[in-house]
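In what follows, a single structure is set out as structure tokens and then discussed.
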Amino acid sequence: MDDLYRDYILEHYKRPHNFGELDPHDLEGLEHNPLCGDELGVHIRVKDGRIEDLRFHGHGCAISQASASIASEELKGMDLDDVGKLDADWMIELLGIPVSATRRKCALLNLKAVRGAVTGDNAWPS
Amino acid sequence: MPPVVESSLAVKADFPIFARRFGGRELIYLDSGATSQKPQAVIDAQAEHLRSHNANVHRGVYALAQEADAAYDGARRKVAAFVGGRPQTTIFTKNVTEAINLVAYSWGRANVGPGDAVLITQMEHHANLVPWQVLCRERSAELRYLEVDERGELSLEALERELARGDVKLVAFAHVSNVLGTINPVAEMTARIRAAGALSLVDGAQAVPQMPVDLQALGADFYGWTGHKALGPTGIGVLHGREELLERMEPFLTGGDMIASVDLQSVSWNELPYKFEAGTPPIAEAVGLGVAVDYLSALGMEQVRTHERSLTAYMLERLGEVPGLRVVGPPEAERRGGLVSFTVEGIHPHDVAELANRGGVCIRAGHHCAQPLMRCLGVGATARASVGVYNDAADIDALVDALQAGREVFGL
């Protein structure tokens with residue numbers, strides 16, 4: 001079996017969960033990967049301090065799309081304060097595959113957009 | 001049957017990096033458009049210079065300094081002759097990006113103003129786009145773009161229409177596109193540009209390493225290229241300019257080496273080409289580049305072009321066997337340099353490059369520093385395979401095998 005392109009990764013890539021736009025939305029984030037031109041945006045609807053619903057859109061590789069799809073299921077219902085505490089390890093662990101240094105940016109693009117939308121911190125994860 | 005590769009130069013053994021193994025596998029390098037590998041002769045020449053002839057240039061009276069001078073000036077003569085240029089109008093820069101910035105600053109700031117236009121093309125690398133965008137913004141001039149047609153080519157009629165507007169001061173364009181592979185008709189373009197009273201700047205980064213370049217025949221006012229794509233070291237680029245233009249231009253960078261004399265409040269500039277070479281230049285790199293052009297000349301640039309064209313034809317043919325693969329740029333190898341950009345349906349270009357790497361094949365994926373062109377093509381990114389003198393048909397076969405295997409991984 002392929003280390004990186006596991007069945008569930010490819011499944012999320014081909015049929016991503018929570019893909020699309022959400023209107024109206026309360027928060028939004030947009031990130032680019034300057035190395036490859038990939039683009040990933042998120043729309044978030046908030047209720048009682050929690051993520052009530054979320055959608056992501058844009059284009060990217062299997063790693064970035066699967067990361068966004070897998071994370072979207074975890075993020076729904078999450079307290080906004082907790083979203084701000086999510087780190088790179090959380091995302092990589094959730095993804096469950098070995099990610100090389102060059103592909104790390106792909107894996108973290110979605111979380112960067114989500115964190116930016118929720119906390120306004122666009123510098124993460126520098 | 002795929003086409004027979006007419007000419008294989010069979011020089012892989014001259015390049016020591018191909019002795020390396022990656023997980024027991026040979027290196028299959030199809031990324032020469034990004035940077036070329038280096039022949040042993042270039043590596044040895046740089047090391048020998050540092051070991052036995054190292055001194056600063058243009059200042060020393062001792063024997064060692066004179067050797068360094070001779071090596072640096074000798075390298076300039078060889079580099080100039082390689083493309084039919086003259087030493088005094090051949091300026092060493094850091095890379096082609098610096099060569100273009102030199103013109104954008106030294107010539108552009110003095111000659112482009114409100115109501116003027118700079119014309120570039122949709123296929124430009126950021127190196128030949130951003131300096132003009134910044135210039136035009138700063139000088140309240142207009143930056144206009146020649147369109148790329150569906151074949152990935154420019155139109156001479158469109159160029160004439162733009163020039164007829166009468167406001168174009170300079171036209172900057174690539175000799176060979178780093179994404180489309182298109183070979184632009186440089187001489188036809190510079191003739192029209194000259195007739196319209198404008199100047200031309202050609203980015204030759206992808207051309208000089210793979211085809212005969214004769215500056216006299218091309219007729220560009222400025223022509224820039226870079227050493228590391230032409231079997232030479234990183235850290236050295238070249239700008240050739242027309243003498244009367246360079247004479248009239250103010251320096252780009254200032255400091256040591258580029259002055260004739262300095263008073264407390266005034267300075268006079270050194271003669272060409274030194275006026276444009278502030279500070280200690282890349283001496284060992286120049287020596288290495290001199291040997292790189294010797295190496296290419298010994299192969300013969302006509303033979304290099306034949307080799308690259310036949311490998312490109314083979315690559316186009318074999319890539320055509322991969323289902324869902326779409327090539328961007330001209331379909332005929334005659335109209336291309338030695339690179340092919342492509343997309344594979346259902347697999348993002350980054351994953352295409354990753355899957356090629358599984359087969360030991362190095363290709364590039366991304367926007368190739370040409371984001372406006374990517375938008376024209378309607379893609380976010382492409383994968384790109386590019387060949388050098390050391391590649392052969394087996395390298396292309398390995399790429400196609402890796403892509404076919406990759407499609408299976410993705411369940412396509």
Side-chain angles (χ1 to χ4, degrees), chain A residues 1-17 19-21 30-42 56-71 91-92 95-113, chain B residues 22-23 31 34 122 124-127 129-130 178-179 324 326 328 341-360 362-384 402-412:
Chain A
M1 192 183 67
D2 199 283
D3 259 8
L4 190 62
Y5 298 117
R6 303 221 173 133
D7 289 346
Y8 69 91
I9 296 286
L10 292 172
E11 184 56 33
H12 277 283
Y13 173 57
K14 290 175 184 170
R15 280 171 283 276
H17 303 184
F19 188 85
E21 305 199 4
L30 180 66
E31 285 296 336
H32 296 92
N33 185 341
L35 297 176
C36 54
D38 287 356
E39 187 180 287
L40 200 144
V42 291
F56 76 93
H57 56 272
H59 50 87
C61 64
I63 307 305
S64 76
Q65 299 293 291
S67 300
S69 176
I70 292 168
M91 187 64 246
I92 303 289
L95 198 56
I97 50 171
V99 176
S100 68
T102 43
R103 300 309 289 274
R104 201 176 156 84
K105 274 200 164 64
C106 311
L108 298 180
L109 192 64
N110 170 69
L111 183 56
K112 185 169 164 58
Chain B
F22 293 82
D31 198 19
Q122 284 178 332
E124 295 316 307
H125 187 285
H126 294 165
L129 187 162
V130 180
N178 72 310
V179 176
R326 183 173 81 98
V328 301
S341 290
F342 58 93
T343 57
V344 181
E345 198 181 345
I347 314 181
H348 186 275
H350 253 197
D351 296 313
V352 170
E354 181 99 40
L355 293 161
N357 184 48
R358 303 290 169 85
C362 308
I363 62 169
R364 186 149 295 254
H367 54 59
H368 314 294
C369 295
Q371 286 182 319
L373 175 60
M374 290 290 138
R375 284 181 209 114
C376 292
L377 297 171
V379 295
T382 68
R384 183 186 74 183
L403 294 176
Q404 297 283 23
R407 289 188 76 253
E408 280 176 32
V409 170
F410 268 60
L412 296 169

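Quick note on labels: first sequence line is chain A, next is B, and so on, each numbered from 1. Source: prediction; values computed, not measured.
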Report the C-alpha separation of Asp38(A) and His350(B) in whole Å, then their side-chain angles, then the decisive distance to 0.1 Å, and conclude whether the side chain to side chain donor-acceptor pair (under 3.5 Å) test is met. CA-CA 10 Å; Asp38(A) 287 356; His350(B) 253 197; 4.8 Å; no
Say whether, by atom type as modelled, one donor and one acceptor occur between the side chain of Lys14(A) and the main chain of Phe410(B) under 3.5 angstrom. yes
Mind checking whether Leu4(A) and Arg358(B) have side chains closer than 4.5 Å, heavy atoms only? yes
Sequence-distant partners of Gln122(B), side chain to side chain donor-acceptor pair (under 3.5 Å), two or more places apart: none
Could you pull out every donor-acceptor pair under 3.5 Å between side chains of residues 99-109 of chain A and any protein atom, sequence neighbours left out?
| unit_1 | atom_1 | unit_2 | atom_2 | d |
| --- | --- | --- | --- | --- |
| Ser100(A) | OG | Thr102(A) | OG1 | 3.2 |
| Ser100(A) | OG | Arg103(A) | N | 3.4 |
| Arg103(A) | NH1 | Glu354(B) | OE1 | 2.3 |
| Arg103(A) | NH2 | Asp351(B) | OD1 | 2.8 |

Separation between CD1 of Ile347(B) and OH of Tyr13(A), rounded to the nearest 0.5 Å: 7.5 Å
Shorter than 4.5 Å, heavy atoms on both sides: which option in Gly346(B), Cys369(B), Pro349(B) has the most such pairs with chain A? Gly346(B)
Among Ser64(A), Cys61(A), Gly60(A), Ala62(A), residue most engaged with chain B (heavy-atom pairs, under 4.5 Å): Cys61(A)
Is the count of non-hydrogen atoms from other residues, nucleotides or ligands lying under 6.0 Å from Glu11(A) atom CD greater than 12? yes
